[in-house]
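Here is the structure we will look at, set down as C-alpha cells.
Residue numbering restarts at 1 for every chain, and letters A, B, ... go by the order of the sequence lines. Values below: all heavy atoms of this structure, side chains included; hydrogens, waters and symmetry mates excluded.
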2 protein chains.
Amino acid sequence: MTEPKTPEVAATTAPAKKHARDGKPNATIYDIAKVAGVNPSTVSRALSKPGRVSAKTQKLIEDAAAELNYQVNPFARALPTGRTNTFGLIVADITNPTFFDIIRGAETTATLRDYTLVLAESAESAVTELTAARRMMATVDGLILASPRMDDDDIRTLARDKPVVVINREVDGVPCVVPDVNKGISEAVRSLAANGHHKVAFVAGPLQSWMSARRWEGVQAACEWSRIEAVRLESTKPTVDGGRQVARDVRASGATAVLTYNDLLAIGLMQELQAAGMVVPDQISIVGFDDIFGADFTTPPLTTVRSPLGECGSGAAALLLDLLHGTGEPAGTLRVETELVLRGSSGRLLPAG
Amino acid sequence: MTEPKTPEVAATTAPAKKHARDGKPNATIYDIAKVAGVNPSTVSRALSKPGRVSAKTQKLIEDAAAELNYQVNPFARALPTGRTNTFGLIVADITNPTFFDIIRGAETTATLRDYTLVLAESAESAVTELTAARRMMATVDGLILASPRMDDDDIRTLARDKPVVVINREVDGVPCVVPDVNKGISEAVRSLAANGHHKVAFVAGPLQSWMSARRWEGVQAACEWSRIEAVRLESTKPTVDGGRQVARDVRASGATAVLTYNDLLAIGLMQELQAAGMVVPDQISIVGFDDIFGADFTTPPLTTVRSPLGECGSGAAALLLDLLHGTGEPAGTLRVETELVLRGSSGRLLPAG
DNA sequence: CGCCTTTTGTCAACCGGTTGCCATAAATTG
DNA sequence: CAATTTATGGCAACCGGTTGACAAAAGGCG
C-alpha cells in the first residue's frame, strides 16, 4: 500500500546547476543587454540606479527585462555589495507565545520594505544565541535580538559589525525597543487597590532577565504610591509549570493579589490555585504580563498588563531599516506604552465566608 | 599611487564594503592560500571536497584557516553553485499556534543539519503565498509549504524548479507530510460513544482546506463504525471567533458532542456555550483538533485529537534535506499518527435535570 | 629501469551582478 | 560658434568562491 520509502533511485542524476531543474536558465542582465542592444552595465544601472540612464534606454531595458521575466540573482548582487536585503531575528524560544507577535510585527514591516526576515532560535541559551548571531551576521544586513540572553558586551561587539536592534532590554550604545512598564503597572496596582487589596505579591522571572527587574521595580513603585504592601516571590522557570510550583509560596505569602512576571506563570498559578479550591478572583486576584495568545482562554480570562509586542517587532524592524538606509545614526531607545487589560481574573476581594 | 593592497585602511570616511564596519576585512581563501603557501583552488578543495587533497596540505590549510578566523562567504559560494544551505518555510499565519510547533520542528532539524530556515507568511492568501514562494525560490535550496492555500498546479510548478515538501495536504507528485487522522478520530468517537453520545456534530473548517475534508471523512467513517449519527456544520472562519459564531448552529443541531475542525474553533465554541449557561462536559462534549498551545488553558481543559505538529515540521525538513542530498527522489508521502488527548471537555452526558 | 596508473596541486574560466573611469554625445554658456 | 559642462553608455576590473582540464609528482608493475 503506502510504502513509507520508495527509493526509485534510478531516476536521472540531474546535474541541475543554473537551470534549476527544467531546461530554461534564468535570464541575466547579459540576456537583457543583448535584447535591448546595450551594455550589461547599462542594464545594471537601469535596474538599480534610478536616473542614471536616459528615460528612453530605461524603458527599453525594462521592457526587455519584463519580456525575459528577469529577476536579479541575489547572490550575484550580494557578492560585490555586501547587501542582501535581509535581516535576522533571534528569539529565545520560538514556541514561547511572547515572541509570536514580535515575529509577526517584524516580518510584516520587513516584507513591506522589501526585506526578508530570517528567523533563528537560541533555545534560551546564551551560547547558542551568540553562535546563531555570528552565523547570521554573515548573511544579513542587520540583526534584531528579542530578549537576548547574552552579555551586553557581546551585543555591543555584534553591533560594531552591523546594525543591531534589541527588544525588551536596554543596552548602552545599541538602539533598543522596550515597553515602558510604568503606565500598565500603575493601572494594574491602582485597580487592585481600588478593589480593596492591601498586599500584593510579585512572582519574578529569571534572575538575569532585564525585564523582570524592571517589572518588579515598577510594582514596588506603584505599590508605594498606592500605599499597599508588595512582596517578591521567586519562580523556578517562567512557564505554566513554574506558575504551578509557585502556588504554595503565593498562598503562604498571605497576599490577596498576585502579579506575575508573565502570563504563562499567571496561568499555571491560577490552574493550581483553582485546583486547590480557591476561587479567582473572589479569594485572590491574578494579573499577568504581556497579554499573550491564549490569555483569554482561561476561566476566568486573565487580567494582564499588555505589552504591544507586535509594535515592538515592527518598531525594531523600522529602526533597523532606518539605520541601514539613514545617513546618521539616531540609535536611541524606542519606548512603547503598556496598558492594563482588565479581564476576569482580578477584582474585588470577597469577605471570607 | 600606493601599493595595490594596503591593509591599513586610512580610517576616514568608512567606505565600508568588505570590512563590515570596523577595519578588518574578512579573510578569504586567497589569504589562506598565501599563508599556507598553496593555490587558492587547493584551499577551496581542502575546505569543501574531503579527501581531494593530501592529509598534509589539508592540515596546513586548516591551520591557516583557523589562524585567520576564516569563514566562507556564502554568497561567493552560492553564486557558482546555486546552493545556499538554506530553505524556506511558508505558513499561512505566523500567529496561528498550529504552526508554532511546525516551525520549531523544521527549525530544529534544519539547524541540526547546518541549514538555515527562512520563514515567510502568506497571510492566508493564495496569491501572497505564491508571491512569497516565488521570491523565496531564488534564495533557497528547497521549500516547505505548511497548509498551503494555492492550487495543486502551482505547487507542482514550484516543485519542478526546486525540491518542495508540503505539510498538511497531499499533492500528487510532491512529497508530503500528513497526519493520518484515522487513529485519533476513531479513538475520539469511540470515547464519545462509550460515554453515551448518539449524535455528534462536526464543525468544518474552510471549504478549500484539504485537511478539513479529511477530518470530516474520518468523523463520518468512525461514527458509522460506532453506529452513531454525524452531522456537519459550517464555520465562517477557523478561529476563536468563528467558534463563537457557530454555537447557535451547534445547539440547534441537537448533537450532544461536537468535534471541531481545529482547537481554536473548539475554544470559541466552548466559551460561547458556557456563556449561555451550558455545562461542559455535562451537557455537551467538545473535542478539538491539533492540541495547540493553550488548549489546556481552558476550563475544563480541551479534549483534542493531537497531530504531532513538531514531527510534521521536522519530518518535512528531513524529507527536504534527503531530497537535496539523496541521489534519487523518493518523493513519497510521510504519514504521522494522530492520537486522542483526553482532557476535561468531553465525557459522560448527564441526564437533563 | 622504463612504462603506466593514480594522486595532488595549479591554471584559468566561470557564476551574475556592481562600479570607477573614460569617451562620446548632448546641452549649456560666453 | 567655440569652449565647457553635463548626461549617458561602454569597458573592464572586481566580489570570493568552484570546478574542469591538465601537468607534475608519486606509486605500481613487469
Which distance, rounded to the nearest 0.5 Å, do you find between the [atom1] of [X] and the [atom2] of [Y]?
X: A/T42; Y: A/L60; atom1: OG1; atom2: CG; value: 11.0 Å
X: B/L79; Y: B/T84; atom1: CG; atom2: OG1; value: 12.5 Å
X: B/L145; Y: B/L89; atom1: CG; atom2: CG; value: 8.5 Å
X: A/L158; Y: A/M150; atom1: CG; atom2: CE; value: 5.0 Å

Does the side chain of [X] get closer than 4.0 angstrom to OP1 or OP2 of [N] through an N or O atom?
X: B/K49; N: D/dT18; value: no
X: B/S44; N: D/dT18; value: yes
X: B/T81; N: D/dT19; value: no

In whole angstroms, how far is the [atom2] atom of [N] from the [atom1] atom of [X]?
X: A/L47; N: C/dT18; atom1: CG; atom2: C1'; result: 12 Å
X: B/I61; N: D/dT18; atom1: CD1; atom2: P; result: 12 Å
X: A/I32; N: C/dG17; atom1: CD1; atom2: C1'; result: 11 Å
X: B/I29; N: D/dT18; atom1: CD1; atom2: C1'; result: 8 Å
X: A/N85; N: C/dG17; atom1: CG; atom2: C1'; result: 14 Å

Between protein and nucleotides 5-9 of chain C, what N or O pairs are separated by less than 3.5 Å?
residue: C/dG9; atom: OP1; partner: B/S54; partner atom: OG; Å: 3.0
residue: C/dG9; atom: OP1; partner: B/T57; partner atom: OG1; Å: 2.4
residue: C/dG9; atom: OP2; partner: B/S54; partner atom: N; Å: 3.1
residue: C/dG9; atom: OP2; partner: B/T57; partner atom: OG1; Å: 3.2
residue: C/dG9; atom: N7; partner: B/R52; partner atom: NH1; Å: 3.1
residue: C/dG9; atom: O6; partner: B/R52; partner atom: NH2; Å: 2.7

Check nucleotides 24-27 of chain C against the protein and report each pair of N or O atoms closer than 3.5 Å, with its distance, or say if there are none.
none

### Task
Counting heavy atoms from C-beta on, name the nucleotide in C/dT19, D/dT19, C/dG16 closest to the side chain of B/R83.
D/dT19
All N/O donor-acceptor pairs, side-chain side in residues 66-73 of chain A, below 3.5 Å, sequence neighbours left out:
residue: A/N73; atom: OD1; partner: A/F75; partner atom: N; Å: 2.8
residue: A/N73; atom: OD1; partner: A/A76; partner atom: N; Å: 3.1

### Query
Below 4.0 angstrom, N of the basic side chain to O of the carboxylate: do B/D172 and B/R156 qualify?
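No salt bridge links B/D172 with B/R156.
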### Query
Which part of the nucleic acid does A/T28 contact within heavy-atom distance under 4.0 Å: base, sugar-phosphate only, or nothing?
sugar-phosphate
Would you say the side chain of [Y] lies within less than 4.5 Å of the side chain of [X], judging by non-hydrogen atoms?
X: A/V164; Y: A/M137; result: yes
X: B/I155; Y: B/R169; result: yes
X: B/L47; Y: B/I61; result: yes
X: A/V166; Y: A/P148; result: yes

### Task
Please say which of A/D154, A/T157, A/D151 ends up in a side-chain contact (heavy atoms from CB on, under 4.5 Å) with A/L130.
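Only one option passes, and that is A/D154.
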### Task
Using the side-chain hydrogen bond (donor to acceptor under 3.5 Å, both in side chains) rule, take B/S54 and B/T57 through it: C-alpha gap first, then chi angles, then the decisive distance, then the call.
CA-CA 6 Å; B/S54 69; B/T57 6; 2.4 Å; yes
### Query
What's the shortest heavy-atom distance between B/A92 and B/S122, and which atoms?
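Closest pair (atom of B/A92, atom of B/S122, distance): CA-OG, 3.2 Å.
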### Task
Could you identify which residues of residues 63-79 of chain A place a heavy atom less than 4.0 Å from some atom of DNA chain D, listed by residue number, or say none?
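The stretch gives A/L79 as the residues lying under 4.0 Å from the strand, ordered by number.
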### Query
Once you build an axis from the first five pairs and another from the last five of the helix from C/dC1-D/dG30 to C/dG30-D/dC1, how far apart in angle are they, to 10 degrees?
30°
Donor-acceptor contacts under 3.5 Å from residues 107-119 of chain A side chains, at least two apart:
residue: A/E107; atom: OE1; partner: A/T111; partner atom: OG1; Å: 3.4
residue: A/T108; atom: OG1; partner: A/R104; partner atom: O; Å: 2.7
residue: A/T109; atom: OG1; partner: A/G105; partner atom: O; Å: 3.2
residue: A/T111; atom: OG1; partner: A/E107; partner atom: O; Å: 2.9
residue: A/Y115; atom: OH; partner: A/H325; partner atom: NE2; Å: 3.3

